Amino acid sequence: MPANSKFEKTATGAAWWQTGVIYQIYPRSFQDTDGDGIGDLNGIATRLSHLVELGVDAIWLSPIFASSMADFGYDVADHCAIDPIFGTMDDFGRLLAKAHGAGLRLILDFVPNHTSDQHPWFLESRSSRSSPKRDWYIWRDPRPDGAPPNNWTSEFGGSAWSFDEATGQYYYHAYLSAQPDLNWRHPEVRTAMLNVLRFWFSRGVDGFRVDAIHHLLEDRQFRDNPVNPDWRKGMSPARRLIRLHTMDQPEVHDAIAAMRQVADEFGDRLMIGEAYLPIDRLMAYYGVDLTGFHLPFNFHLISTAWNPEAIAHLIRDYEAALPPGGWPNWVLGNHDRSRVASRLGPEQARIAAMLLLTLRGTPTIYQGEEIGMQDVPIAPEQVQDPWERNVPGLGLGRDPVRTPMPWSADMDGGFTTGKPWLPIDMSATAPVWRQRTDPASSLSLYQRLLRLRRAEPALSRGSYVEVWHDHSVLVYERQYDGRRLQIALNMSAVIQALPPGLPASRTLLSSAVIDAGDRAASDSDRLLQPHEGRIGEIGT
Ligand code: NOJ
């Protein structure tokens, strides 16, 4: 347990990360304090009160390590140093202490698949074929005609192989050429990377979100990937091939187990894995006998059609697929995917919040979701994301979802006194300060939901019971120790009636009204207003 801690042990034996709610911070866009237009660690420290008021339990920071910033921190040049853009190690120490003092756990990002091409390991590796670190990365000879060793493609477009003139070989990169892949079959790489985890754990960090884990290893025989017959114009060029030999290789699970063992050396720490995979394949990331990730991120709410049938099936399939004792988790968005309020519209984004915060399992909120932030249009001359630069015009760019938080009505939203690195949307989303005092705001809804979730073990720990759905409404229960909560979500824009067979419930929270008292009169009428979600207690 971290020093200076406000954390309580749960009497029920549930781990903090099971009952807790995680909040993802994209540090570049949270709060700037030095006027360079880019968020920093001191900025996060000054905004912790927002997170405490919101009612989350842990923050996960996207990478803050020394980086060449070709992929905005996901190209690490020194795993054990803070990038000066974000601050210093002292700033980090202060932020960690302040977070723990406020009862917030702190989770960092771990990027094991690749480093920056400016990392000293890679500079050494590329210096000569006989470098002791040559095999820390993946080097291959050209084909006889000089072409890359095989057909593997980069997630960000083009070949996944870049040629190094000086040493006459290609190196492999699942992402940018500035992000060479580490060779996880090399024992020294494993040791060095596991020691990175130890470095931060011993400083009191509570967990890691592990980046791009399904890319960690590739086929030993370097076989070509097969062509994807389902690829269509407009899709990412990387999808032209089925990534059979470059993703989700069986050996990845040994590496994950080794990471998990390091976490377990420190006790009570959390390991989350980022893997975009179908449910059946995702389950393997819990590891044999749960020796893998505590939480392999479940991104399926991002890609599943937004209607009651599809969502009910998703929940059923996911719950059924979980390994015994495996803890579920849910996500609506992140710094790589279109924002939920843009995908579903502002009204249904409120229903999505109710779903996220009432399903069984750990929810992760992406910064700005709580205020209903939308994707912000980015003009061509404002583009920052290397993916958009590499394959422009396909809508793959991630800048729209990474724009800074609007905190106040000041110029540039109180985010910076300088020129923000991406434009700030001051029109579509009301800033935090205004939403704070508006009981009908998205922020108020999130606060009420998080308060209820904290007060009701049925929501944080109870079982999930599928109840009923039609084309417009989804109803389920959460049950704990005899307590039954009914969640009814109207996913349509018209009034809906609940069927007579459902048990009556007394409303505890409605997305459409401010408190339960206001609701009493309509409790019995079983009507849901357009886009209304309601949580009620049954049988009391
Ligand atoms: C996944 C991260 O979330 C994304 O932002 C990054 O570009 C890639 N992995 C490469 O690290």
Side-chain angles (χ1 to χ4, degrees), residues 22-30 39 60-77 79 83 107-119 122 137-138 152-158 160 162 172-182 184 193 196 208-218 236-239 243 246-248 252 272-277 282 285 293 295-299 302-303 331-339 364-368 375 383-391 394 396-403 421-422:
I22 301 171
Y23 183 95
Q24 180 192 357
I25 292 181
Y26 192 69
R28 292 182 73 88
S29 292
F30 202 57
W60 146 40
L61 310 185
S62 282
I64 51 170
F65 317 110
S67 168
S68 336
M69 297 293 166
D71 191 21
F72 298 113
Y74 283 97
D75 48 328
V76 178
H79 296 92
D83 195 279
I107 298 165
L108 290 181
D109 220 303
F110 181 52
V111 189
N113 179 66
H114 46 268
T115 67
S116 161
D117 63 350
Q118 299 307 306
H119 195 295
F122 187 71
Y137 293 83
I138 299 168
W152 294 353
T153 50
S154 152
E155 289 299 306
F156 289 155
S162 285
Y172 173 71
H173 48 89
Y175 294 91
L176 299 174
S177 60
Q179 293 169 297
D181 267 45
L182 283 165
W184 268 77
M193 288 301 282
V196 170
F208 280 93
R209 171 270 193 188
V210 182
D211 184 67
I213 191 64
H214 49 323
H215 278 292
L216 198 70
L217 288 137
E218 296 75 36
S236 165
R239 296 294 104 81
R243 295 165 294 174
T246 44
M247 254 181 50
D248 196 23
V252 73
I272 309 173
E274 186 213 26
Y276 285 88
L277 290 171
L282 186 63
Y285 287 72
F293 290 121
L295 303 176
F297 258 147
N298 165 14
F299 296 119
I302 301 179
S303 46
V331 167
L332 294 175
N334 57 38
H335 64 293
D336 294 327
R337 304 284 147 156
S338 175
R339 284 188 174 276
T364 300
I365 298 169
Y366 174 47
Q367 85 178 31
D375 297 349
V383 169
Q384 302 278 341
D385 184 9
W387 196 1
E388 178 67 28
R389 287 185 204 271
N390 280 3
V391 282
L394 295 177
L396 298 172
R398 299 163 297 175
D399 295 327
V401 311
R402 297 176 173 181
T403 60
W421 77 289
L422 282 173

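Counting convention: from 1, in listed order, for ligands and their atoms alike. Just so you know, these numbers come straight off a predicted model, no measurement behind them. Only heavy atoms go into these numbers, but all of them, side chains included; no hydrogens, no water, no symmetry mates. When a residue number appears, it is its place in the shown sequence, counting from 1.
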Residue, atom name and distance, where the atom is the protein heavy atom closest to atom 7 (O) of ligand 1:
Asp71 OD2, 2.5 Å
Could you tell me if the ring centre of Trp387 sits under 6.0 Å from that of Tyr74?
no
Which of the atoms of ligand 1 are close to Arg398, meaning less than 4.0 Å from one of its heavy atoms?
4 (C), 5 (O), 6 (C), 7 (O)
Roughly how far, to the nearest 0.5 Å, is CH2 of Trp60 from CD of Gln367?
10.5 Å
In the protein, which heavy atom is nearest to atom 8 (C) of ligand 1, and how far is it?
Tyr175 CE2, 3.7 Å
Check whether any side-chain heavy atom of Phe156 sits under 4.5 Å from a side-chain heavy atom of His173, and report yes or no.
no
For Glu274, take its heavy atoms, then give the atoms of ligand 1 lying under 4.0 Å from any of them.
1 (C), 3 (O)
Atoms of ligand 1 close to Asp336 [distance to a heavy atom under 4.0 angstrom, numbered from 1]:
1 (C), 2 (C), 3 (O), 4 (C), 5 (O)
Mind checking whether His335 and Phe72 have ring centres under 6.0 Å apart?
no
Region of Arg402 that comes within reach of ligand 1 [heavy atoms, distance under 4.0 Å]:
side chain
What do you reckon, does Arg209 put a non-hydrogen atom under 4.0 Å from ligand 1?
yes
State yes or no: are the ring centers of His79 and His119 separated by less than 6.0 Å?
yes
Heavy atom of the protein closest to atom 1 (C) of ligand 1 (residue, atom name, distance):
Asp211 OD1, 2.9 Å
Relative to each other, are the rings of His214 and Tyr276 parallel, tilted or perpendicular (30° and 60° limits)?
tilted
Is Arg389 reaching over with its side chain to a backbone N or O of Val383, donor-acceptor style, under 3.5 angstrom?
yes
Contact check, His114 vs ligand 1, heavy-atom distance below 4.0 Å
yes
Heavy-atom pairs closer than 4.0 Å: do any link ligand 1 to the side chain of Phe297, the backbone, both, or neither?
neither
Go through ligand 1 atom by atom and flag the ones less than 4.0 Å from a non-hydrogen atom of Phe156.
7 (O)
Could you walk me through whether Ile272 and Ile22 pass the side-chain contact (heavy atoms from CB on, under 4.5 Å) check?
CA-CA 11 Å; Ile272 309 173; Ile22 301 171; 3.8 Å; yes
